[in-house]
Amino acid sequence: MSFELHPDLIRDGILVARFPLCLVLLINDASYPWFVLVPEREKTGNTTDLSESDHQQLWAESRAFGIGIMRVFRGDKLNVAALGNITPQLHVHHVVRYVTDPAWPAPIWGRQPMVPYTSEGLCQVREQLDAAQVRDLACIRK
């Protein structure tokens, strides 16, 4: 068996970058800079399913990514969460929040319908990720 991305993540995410361990997906909701890091490991539903070295690598990638996106998106708060109650594959949300965003201060889930990115908006996010210059992050252009 090999690594496969869960159908929910394929449906809602756009592959924008890759770390040594994790894929980086942009969630297709232009209301928020919202990303998920997905470790490329089989049968992983919780962080505790990772080896010790992969666990350390996940949080190193998460920290570096969080610093980079807060720098370029200039948010008021960074929400990081690994819930997995609906999508069972391990994925760690990184949501840049603003006191002016549509859901502030509540969680973003289920607050409003998702607003898909335009091609221009997606291009802008990709440019911002490039500008973040996060170590070991390889941006992907499609």
Under 4.5 Å between side-chain heavy atoms, counting indirect links through other Ile/Leu/Val/Met/Phe/Trp/Tyr residues: same cluster for [X] and [Y] or not?
X: Ile108; Y: Leu37; value: no
X: Ile14; Y: Leu137; value: yes
X: Val16; Y: Val125; value: yes

Locate the shortest heavy-atom distance separating [X] from [Y]; write the atom from each residue and the value.
X: Met70; Y: Val96; value: SD-CG1, 4.0 Å
X: Trp34; Y: Leu26; value: O-CD1, 3.4 Å
X: Leu58; Y: Cys22; value: CD1-SG, 3.6 Å
X: Tyr32; Y: Pro102; value: CE2-CD, 3.9 Å
X: Gln89; Y: His6; value: OE1-N, 2.7 Å

* To do: Decide yes or no for Leu129 and Phe65: does some side-chain heavy atom of the first lie under 4.5 Å from some side-chain heavy atom of the second?
  => yes
* **Pro33 vs Tyr98 side-chain heavy atoms within contact, under 4.5 Å** => yes
* Would you check if there is a donor-acceptor pair between the side chains of Thr48 and Asn46 at a distance under 3.5 Å? => no
* **Side-chain donor-acceptor contact under 3.5 Å, Gln124 with Gln128** => no
* Parallel, tilted or perpendicular: rings of Phe73 and Phe35 (30°, 60°) ->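 Phe35 and Phe73: tilted rings.
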* Check: Gln57 side chain, Leu21 main-chain N or O, donor-acceptor pair, under 3.5 Å -> no
* Under the 3.5 angstrom rule, does the side chain of Asp12 hit a backbone N or O of Asn28 as a donor-acceptor pair? ->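 The answer is no, because no donor-acceptor pair under 3.5 Å joins these two groups.
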Please say whether more than 12 non-hydrogen atoms of neighbouring residues, nucleotides or ligands are located less than 6.0 Å from [atom1] in [X].
X: Arg74; atom1: CZ; answer: no
X: Arg71; atom1: CZ; answer: yes
X: Gln112; atom1: CD; answer: yes

